[in-house]
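By convention here, the first residue in the shown sequence is residue 1.
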Amino acid sequence: KAQIEALKKRAMTLKAKSDKVYDATRKAIKKMTEKELPKKKKNEKVSIVVPDGKKPGDDITFANPHVPGQKLRVKVPKNGAPGSKFVVSVPVPVKANTDIDNNKWPRLAQDLLDEFSHAYDDWCHAEAAWREMDPSSGVKFQLHRERMNKFDTLLPFFPKDLITPVDPGYLRKVVRRARQNKHKRSKTAHLPGSPEKEEPVKPPPVVKQQKPEVYEMALPTKGTKFSLVAAPESF
């Protein structure tokens, strides 16, 4: 029983950690911009000129400038007079490549998603361990199903109509990518010749130069023979 209580306590600790990382991940996802999570562009606004002979309520047929060959029809709005302009929305095709990941994940959001995945898996294993040892725990803990469903509650925080849709399978790919990037950064940091922190170069010590001693000697100005003069010992 003591072992079961220890395992249960560990599971509770890991659940609290998982919930904390989940909250940080949720906030990071909500901060992602439309540039990082681009949506499908379904409509574009265009300006229409009311032709001569048309009045409010009359139909106007015009060509969609974004879809060659497509003709659209719209009614002249109230107060529309020949020569005046009004704005309408027209459908546009999705130009982005849907075969690639158009979402641009910031490193913080990507790393938090990976951290949450790890934390949730740790809790699942701990929860399954104590429930398996305790027959009175009730329904058997479905370890595999719980791990597969860990991203389900994060999906509502992503915008709809993304060029690259977000589903549990996609989020698992993001986690794998985050782990691969961490592994690459770790290998690069340990490669020989990788930039290391340089020690500051200390300037050479300043050597004080001693002032030279000057000695005065009286020399004769004439003759070729001179008497010996004793020099000082330090000379």
Side-chain angles (χ1 to χ4, degrees), residues 2-42 94 96-134 137-191 194-197:
Q3 187 178 3
I4 294 175
E5 289 300 320
L7 290 173
K8 187 184 293 187
K9 186 176 180 180
R10 181 172 183 270
M12 292 175 63
T13 301
L14 292 174
K15 184 64 167 64
K17 178 183 177 181
S18 174
D19 290 345
K20 184 177 179 179
V21 181
Y22 171 87
D23 191 53
T25 306
R26 175 183 60 81
K27 291 178 180 178
I29 291 171
K30 293 184 72 173
K31 286 182 179 179
M32 292 177 71
T33 64
E34 190 169 347
K35 187 177 181 180
E36 294 165 338
L37 295 172
K39 295 182 180 180
K40 295 178 181 178
K41 198 172 185 180
K42 294 183 176 182
V94 178
N97 186 356
T98 56
D99 295 330
I100 63 173
D101 186 1
N102 294 276
N103 300 325
K104 309 299 180 185
W105 281 74
R107 180 185 290 186
L108 175 61
Q110 194 177 60
D111 288 347
L112 281 171
L113 187 68
D114 177 30
E115 187 179 351
F116 166 68
S117 179
H118 271 300
Y120 194 89
D121 286 350
D122 289 343
W123 167 72
C124 284
H125 285 289
E127 187 75 8
W130 81 261
R131 286 180 179 273
E132 186 175 355
M133 293 186 65
D134 186 2
S137 61
V139 181
K140 183 179 179 181
F141 187 78
Q142 301 294 327
L143 175 60
H144 179 71
R145 186 174 65 183
E146 285 291 337
R147 292 183 61 197
M148 291 299 293
N149 295 340
K150 60 187 166 187
F151 296 128
D152 288 358
T153 56
L154 286 174
L155 297 181
F157 300 113
F158 290 94
K160 304 298 182 183
D161 300 325
L162 295 177
I163 297 174
T164 302
V166 174
D167 56 22
Y170 170 81
L171 292 180
R172 283 191 284 270
K173 290 180 182 179
V174 174
V175 169
R176 286 196 296 270
R177 191 188 311 155
R179 293 176 185 177
Q180 290 169 358
N181 291 339
K182 284 182 181 178
H183 181 65
K184 289 178 182 178
R185 291 196 297 268
S186 176
K187 287 182 64 177
T188 303
H190 292 87
L191 283 176
S194 57
E196 298 179 356
K197 186 178 180 181

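- Considering only heavy atoms from C-beta on, Arg147 comes within 4.5 Å of His125 through its side chain.
- Going from atom CD of Glu36 over to atom CG of Asn103 covers 9.5 Å, rounded to the nearest 0.5 Å.
- Counting only heavy atoms from C-beta outward, the side chains of Leu112 and Phe116 never approach each other to under 4.5 Å.
- Between Arg177 and Asp101 there is a salt bridge, with a side-chain nitrogen of the basic residue lying less than 4.0 Å from a carboxylate oxygen of the acidic one.
- If you take OG1 on Thr25 and CG on Asp114, they are separated by 9.5 Å, rounding to the nearest 0.5 Å.
- Side chain of Ser117 to main chain of Leu113: no donor-acceptor pair is present (N/O by atom type, distance under 3.5 Å, no hydrogens or angles).
- Under a cut-off of 6.0 angstrom, the local environment of NZ in Lys182 is crowded, with over 12 non-hydrogen atoms contributed by other residues, nucleotides or ligands.
- Annotation: side chain of Ser18 is not in contact with side chain of Leu14 (no heavy-atom distance under 4.5 Å).
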(request) Show your reasoning for whether side-chain contact (heavy atoms from CB on, under 4.5 Å) applies to Trp130 and Lys9. (result) CA-CA 9 Å; Trp130 81 261; Lys9 186 176 180 180; over 6 Å; no
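- Proximity of a side-chain donor or acceptor of Tyr22 to a complementary backbone N or O of Thr153 within less than 3.5 Å is detected.
- For the atom pair Leu154 CG and Ile29 CD1, the distance stands at 4.5 Å (nearest 0.5 Å).
- You'll find the side chain of Phe141 stays beyond 4.5 Å of the side chain of Glu132, heavy atoms only.
- Two residues are said to be in side-chain contact when any heavy atoms from C-beta on lie closer than 4.5 Å; Arg172 and Met148 meet this criterion.
- Between Leu162 and Pro38 there is no side-chain heavy-atom pair separated by less than 4.5 Å.
- Trp123 has its side chain out of reach of Asp19: every pair of non-hydrogen atoms, C-beta onward, lies at least 4.5 Å apart.
- Aromatic ring pairs are classed by plane angle as parallel below 30°, tilted from 30° to 60° and perpendicular above 60°; the pair Phe158 and Trp105 is tilted.
- Using a 4.5 Å cut-off on side-chain heavy atoms (C-beta onward), Asn181 and Arg185 make contact.
- Minimum interatomic distance between Lys104 and Lys35 (heavy atoms only, all atoms of both residues): CG-O, 4.2 Å.
- When the shell of 6.0 Å around CE of Met133 is examined, it contains more than 12 heavy atoms from other residues, nucleotides or ligands.
- Crowding of Lys15 atom NZ: a count of heavy atoms from other residues, nucleotides or ligands under 6.0 Å exceeding 12.
- With values rounded to the nearest 0.5 angstrom, Arg176 atom CZ is found 11.0 Å from Leu171 atom CG.
- A salt bridge is defined here as a Lys NZ or Arg NE, NH1 or NH2 lying under 4.0 Å from an Asp or Glu carboxylate O, and Arg26 with Asp23 meets this definition.
- In Gln3, the CD atom is not crowded: 12 or fewer heavy atoms of neighbouring residues, nucleotides or ligands sit closer than 6.0 Å.
- Note that CG of Leu108 and CD of Glu115 are 9.5 Å apart. Values are rounded to the nearest 0.5 Å.
- Within 6.0 Å of CZ in Arg10 there are 12 or fewer heavy atoms belonging to other residues, nucleotides or ligands.
- Of the inter-residue distances, the one linking Asn102 atom CG with Lys40 atom NZ reads 10.5 Å to the nearest 0.5 angstrom.
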